[in-house]
2 protein chains.
Amino acid sequence: MAAGRKDARRNYERLLTAAQAAFAEHGVGASLNDIARNAGVGNVTLYRHFPTRQALLEALLGESLRGLRTRADELLTSPAPDEALSTWLDGAVEHAMTYRGLVDALVDSLDDPASDLHATCQAVKDAGAQLLAKAQQAGAVRPDLDASVLFSLIASVAWASERTPAHRDQLLAVMLDGLRKGASPATIERAS
Amino acid sequence: MAAGRKDARRNYERLLTAAQAAFAEHGVGASLNDIARNAGVGNVTLYRHFPTRQALLEALLGESLRGLRTRADELLTSPAPDEALSTWLDGAVEHAMTYRGLVDALVDSLDDPASDLHATCQAVKDAGAQLLAKAQQAGAVRPDLDASVLFSLIASVAWASERTPAHRDQLLAVMLDGLRKGASPATIERAS
DNA sequence: ACCTGAACACCGTTCAAGT
DNA sequence: ACCTGAACACCGTTCAAGT
C-alpha cells in the first residue's frame, strides 16, 4: 500500500477498520458485503484490495502473528527451555483466539500454500519448532513430537478455549503436562 | 416414526439416507436443499421431518452416540480405571469425527438446551464423568478436572484430528499423558 | 395429513459501465 | 486507475396451494 490514488488508500484503510470490527463482532465468517457497506465502499472494491478472506486476515493480523517469531527468538535465550516453550505456547494460543473461527482459517492456511496466510502460519510454526527442539534437547519435552503436531496442539486448545473460555487454563495445563516427558511412557494402547 | 402415512415414512427414510451421504461427502454443513433433492423430496418435507440440522444429526447419530454411555458402563467394571478411561476417550474421539464439522455441532449442542442434540451430548458427557471420577479416585488422573473439561478435551482432539488425521494418535497421547498425574504436578496440591 | 413449486432475503462473486 | 450498481448462482426458510 505504498503509492496509488488517494481515494484508493483511504478505501483500503476504511475496509480494514470495518473488517476488524466485523470479525470482532461476528467472527471471521462475517459477511464481506456488510464489511464493504460499513466501509462505505462498493463490494468489488473490497475484492480488488483483498481478493480473499485470508488476505483480509493477513492484513489485519500478519504483523502481530509474525511477532510470535520475534518472541520465540527472545525466549530461545532463556535458561529454562521448558518454561520458555510454555510461555510461548500460552501466547500463541491467545493469538489464535483473536477472532471467533480464526483458528480454522489458520489451520487451513498452513495446509494450503496458495493461501494468503500460509507464509505467516509457517512462520509461527517455525518459531514453535525452535523452542520445541531446544526443550526436547534439554529432555524436558517428549521427543516424539514435531512442530507440525505442536501447531495442531495450539490450534486444538485455542479452538476449544474459544468456545468455552472458562476451560482455557485447564486445557492449556493438560497440554503442557502432556508435552512433558512423563513418568508414564508415551505409547498408548489402542483396541486391536 | 411409528405410524403415519406410508409415503411419509418412505420420505423419512429417504431423507436419512440422502443426509448420511451428503454429510459423509461434504461435512455437516452440506446443503439441505441438495439433501432434499437427492432424496427426491420437496425441501419443505425435509423441514417438517427435521426442523433443524441438529435434528437430522440426532436421527443419524443419536443411537450410536448414546452407545458411548453403554460402553462406559461396561468399562466401569474394569479393574484398571486409567486404562478404561483411555479406551473410552479413544472411542469418543472416533465418534466425534464421524462427519467433518460434527464436533462443532456437538459442542454447540451441549451449551444449548434447546438443541435436538443436547440430551445426547449430555449423555456422552455424563458417561465420561463416571469414568473420570473412578480414575480420579484411583489417583490415576489429576483431580482438578471435571466432565465438562473432559468433553472439551475430547472435542479439541477430535477437531484437530479431523483436519490432520495423521496427528490423531499423537494428539491423543499428549492428552492422555496430560490427564495423568504427572511427575511434575505444578498445579496439584499434594496431601502429605 | 402430507406434499410441492415458488418466493423471500440472504451470501460470495463477477458483470458491464461509469468518472 | 479506480470505482459502483446490478446481476448471477447459491444458501436456508417460509409462502400459498395442491392431493
Side-chain angles (χ1 to χ4, degrees), chain A residues 1-19 21-23 25-60 99-101 104-105 108-109 112 114-117, chain B residues 1-19 21-23 25-60 99-101 104-105 108-109 112 114-117:
Chain A
M1 262 305 111
R5 243 163 59 169
K6 193 169 62 182
D7 55 346
R9 282 205 314 279
R10 196 202 50 187
N11 284 343
Y12 181 91
E13 294 302 333
R14 280 189 175 185
L15 282 165
L16 280 186
T17 304
F23 290 158
E25 187 174 354
H26 301 111
V28 298
S31 160
L32 297 180
N33 282 347
D34 271 0
I35 291 173
R37 191 168 346 110
N38 288 336
V41 150
N43 50 2
V44 184
T45 300
L46 184 151
Y47 272 82
R48 198 172 336 94
H49 285 299
F50 307 102
T52 66
R53 199 180 286 274
Q54 276 90 7
L56 212 35
L57 288 169
E58 157 63 24
L60 283 170
Y99 304 123
R100 194 153 25 94
D104 299 72
D108 290 348
S109 294
D112 176 15
S115 163
D116 298 291
L117 268 170
Chain B
M1 264 307 110
R5 243 163 60 170
K6 194 168 62 182
D7 55 345
R9 281 206 312 279
R10 195 202 51 187
N11 284 343
Y12 180 91
E13 294 302 332
R14 281 190 175 185
L15 282 166
L16 279 186
T17 305
F23 290 158
E25 186 174 355
H26 301 110
V28 297
S31 160
L32 297 180
N33 283 345
D34 272 1
I35 291 172
R37 191 168 346 110
N38 287 337
V41 149
N43 50 2
V44 184
T45 298
L46 183 150
Y47 271 82
R48 196 173 337 95
H49 285 299
F50 307 102
T52 66
R53 197 180 287 274
Q54 277 88 10
L56 213 35
L57 288 169
E58 157 62 25
L60 283 170
Y99 303 124
R100 195 153 22 96
D104 299 72
D108 289 348
S109 295
D112 176 15
S115 164
D116 299 290
L117 269 170

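Because only heavy atoms are used, hydrogens play no part in the values below, and waters and symmetry mates are left out as well, while side chains stay in. Per chain, numbering begins at 1; letters A, B, ... match sequence-line order.
Nucleotides C/dA17 and D/dC2 have their P atoms positioned 22 Å apart, rounded to a whole Å.
If you measure from atom CG of A/Leu46 to atom P of D/dC3, you get 11 Å, rounded to the nearest angstrom. Atom pair A/Asn33:CG and D/dC10:P shows a separation of 17 Å (rounding to whole Å applied). As rounded to whole Å, 10 Å separates atom C1' of C/dC10 from atom CG of A/Asp34. C/dT14 atom P lies 12 Å from atom CG of A/Leu32, rounded to whole Å. Going from atom CG of B/Asp7 over to atom C1' of C/dC2 covers 6 Å, rounded to whole Å. Taking atom OH of A/Tyr47 as the reference point, atom P of C/dT14 lies 7 Å away to the nearest angstrom. Atom P of nucleotide C/dG12 and atom CD1 of A/Ile35 are separated by 8 Å, given to the nearest angstrom. Rounded to whole angstrom, the span from the CZ atom of B/Phe50 across to the C1' atom of C/dC2 amounts to 15 Å.
Here A/Arg53 lies in heavy-atom contact (under 4.0 Å) with sugar-phosphate atoms only. Heavy atoms of A/Ala30 sit under 4.0 angstrom from primed sugar atoms or phosphate atoms, though from no base atom.
Close to D/dC3, at under 4.0 Å from its OP1 or OP2, lies a side-chain N or O of A/His49. For A/Thr45 and D/dC2, the shortest distance from a side-chain N or O to OP1 or OP2 is not below 4.0 Å. For the pair A/Asn11 and D/dC2, the criterion of a side-chain N or O lying under 4.0 Å from OP1 or OP2 is not met.
Of the candidate nucleotides D/dT13, C/dC11, C/dT13, C/dC11 has the atom nearest to the side chain of A/Ser31. Side chain of A/Ala8, nearest nucleotide from D/dC2, D/dT13, C/dT14: D/dC2. Side-chain proximity of B/Val44 to D/dT13, D/dT14, C/dT13: nearest is D/dT14. Listed nucleotides C/dC11, C/dC3, D/dT4 differ in distance to A/Arg48; the shortest reach to its side chain belongs to D/dT4.
Proximity of B/Phe23 to B/Arg53: side-chain heavy atoms (C-beta onward) are separated by under 4.5 Å at one or more points.
Judged by distance alone, with hydrogens and angles left aside, A/Asn43 brings a side-chain donor or acceptor within reach of the base of C/dT13, the pair sitting under 3.5 Å.
Taking a pair to require two hydrogen-bonding distances under 3.5 Å in either a Watson-Crick or a G-U wobble arrangement, D/dG5 pairs with C/dC15. Across all strands shown, C/dC10 forms no Watson-Crick or G-U wobble pair with both distances under 3.5 Å.
No side-chain donor-acceptor contact under 3.5 Å links A/Arg100 to the backbone of A/Gly29. Not one N or O on the side chain of B/Arg14 forms a donor-acceptor pair closer than 3.5 Å with the backbone of B/Asn38.
Summarising the geometry of A/Ala59 relative to A/Tyr12, their closest heavy-atom pair is CB-OH, 4.0 Å, with the distance given to 0.1 Å. Among all heavy-atom pairs drawn from A/Pro51 and A/Arg48, the shortest one is CD-O, 4.5 Å.
Using modelled atom types, one finds no donor on one side chain facing an acceptor on the other under 3.5 Å when comparing A/Thr45 with A/Asn11.
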